[in-house]
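Worksheet: one structure, shown below.
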Amino acid sequence: MKLPSLNIQIFIGTFLGVTIGLYFHYLGMQHSVVKDGLYASELVGTLFIDLLKMVLVPLVLCSITVGIANLRQHRQIHRVWVTTLLFFLSSTAIAIIIGMSASLYFKPGSGLHLAMFEHAMQNYEAKQLPISDFFAQFLHGLFVNPFAALAQGNVLAIVMFALILGVALVIGGERYKNILQLLQELLELTMRIISWVMKLAPLGIMALLIKLVTTQDAAMLTVLAKFVTVIIGTTLFHGAVVLPLILYLFTGKSPLWFWRGAREALITAFATSSSSSTLPVTLRCVTQHLHVKPEIAGFVVPLGAILNMDGTALYEAAAALFVANLVGIELSLAQQLVVFFIAMIASIGAPGIPSAGMVTMVMVLQSVGLPAEAIAILLPMDRLLDTIRTSVNVEGDMVGSLVIQKLVHKI
Ligand code: ASP
């Protein structure tokens, strides 16, 4: 019997995951079927993420190094660098403006009685992370012994090393052509393994969604419904209207064409809540379905997975305004500008792992004197919101690689 296409299988997996999750939620955590079901989902879901992480390290190293080397051969490296960084910063800025405008307009959190959260606040001790420390930590993490970085799966440090290695390889020229060829072949092999891992994607996604939906705290969501709605609404607006519009304006490509090619990555990001874990799938979609040249994709997509997070930036800025409303503080225009910039830095610094935004959120709150303990309120609903913002983070990288490819050829 011939199985339906991978895309259809992933859709079926998503549908079953949500449906079974809702049913488990209804049965309650104590039910023996739910306990067994959660155990199995945890096992399969983790296995899927482990497999993605397994290919992540060789993929990042090879794709960036080979990408740089090939760009240099075409004398495009400078243009691609500048265009990429400009695109990342502009799309993140637009996302933050959308999140902040919606928060200022709808004012989620104002009038909510804070006493109901006192208990949660008392039990949570926020990690203090002033911006100066954050900067120092970020800079310090850039240059690490490459073997340690590879062994620990430290994506940021691997990206930095790969950038340097790529430049060294092209400057070395002919002399190192064997190493370049080796890396090229390693990249092809990794892509082949990724296509095998993807066969497990429908099951993995189903398992991750069952766990997510079953363990979601519904009571908290109802209390904070307005905030949740504003965040989901604005994030979807950015993902479904703004990014496709940018894509259309720059490349003339239709959103439907884009989503058809991008959906494997968008759904994987939704289910894993991790841009890093999704990276193998993102790269596959961008090169194979969306036809971005490997040298552009190999450079833009891994860099975007760690630096370009529209969804996270939007969330952090909007959440800071929400907390201000909650504690009854009116932020001045200058403070709002501070939120804007710190949210941008926080999204750049957040690693592409689940709930990473929560850690850098502390920094945004503290930058304008809001209580870091408010994280206790944001945390319980973070699993849900992280799904959508991670999809939009990944979507931004995919749109970016298409736009950058177009711009670089135009210049
Ligand atoms: N989970 C997000 C990502 O991997 C980061 C975040 O927590 O906002 O892209």
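Since we're looking at a predicted model, the values are computed, not measured. Note that ligands are numbered from 1 as they come in the structure, with each ligand's atoms numbered from 1 the same way.
- A donor-acceptor pair under 3.5 Å is absent between the side-chain atoms of Asn308 and the main chain of Thr92, judged by distance alone.
- Residue contacts with ligand 1: Ile353 is placed with a nitrogen or oxygen under 3.5 Å of a nitrogen or oxygen of the ligand (distance criterion only).
- At least one heavy atom of Ser355 lies less than 4.0 angstrom from ligand 1.
- Looking at Ser391, its side chain does come within 3.5 Å of a backbone N or O of Thr387 through a donor-acceptor pair.
- Numbered from 1 in the order shown, with element, the atoms of ligand 1 that lie under 4.0 Å from a heavy atom of Thr312 read 5 (C), 6 (C), 8 (O).
- Judged purely by atom type and a 3.5 angstrom limit, Thr312 has no side-chain atom pairing as donor or acceptor with the backbone of Gly357.
- Under a 4.0 Å criterion applied to the non-hydrogen atoms of Ser274, ligand 1 contributes the atoms 4 (O).
- No N or O atom of Ser276 sits closer than 3.5 Å to an N or O atom of ligand 1.
- Judged by distance alone, with hydrogens and angles left aside, the side-chain atoms of Thr278 form no donor-acceptor pair with the main-chain N or O of Val281 at under 3.5 Å.
- Close contacts of ligand 1 with Gly357, meaning ligand atoms under 4.0 Å from a residue heavy atom, involve 6 (C), 7 (O), 8 (O).
- By the neighbour-count criterion of 12 heavy atoms within 6.0 Å, atom NZ of Lys199 is sparsely surrounded, having that number or fewer from other residues, nucleotides or ligands.
- Ligand 1 places these atoms under 4.0 Å from at least one heavy atom of Ser273: 1 (N), 4 (O).
- When only non-hydrogen protein atoms are considered, atom 2 (C) of ligand 1 lies nearest to Thr390 OG1, 3.3 Å.
- Around the NZ atom of Lys226, the shell of radius 6.0 Å holds more than 12 heavy atoms that belong to other residues, nucleotides or ligands.
- Of the polar atoms of Ala356, at least one N or O is found under 3.5 Å from an N or O of ligand 1, judged by distance alone.
- At a heavy-atom distance under 4.0 Å, only side-chain atoms of Arg389, from C-beta outward, approach ligand 1.
- Which parts of ligand 1 touch Ser275 is read off a 4.0 Å heavy-atom cut-off, strictly below it: atoms 3 (C), 4 (O), 9 (O).
- Applying the 6.0 Å contact sphere to OH of Tyr23 captures no more than 12 heavy atoms from other residues, nucleotides or ligands.
- Residues Glu316 and Ser347 have side chains that never bring a donor and an acceptor to within less than 3.5 angstrom of each other.
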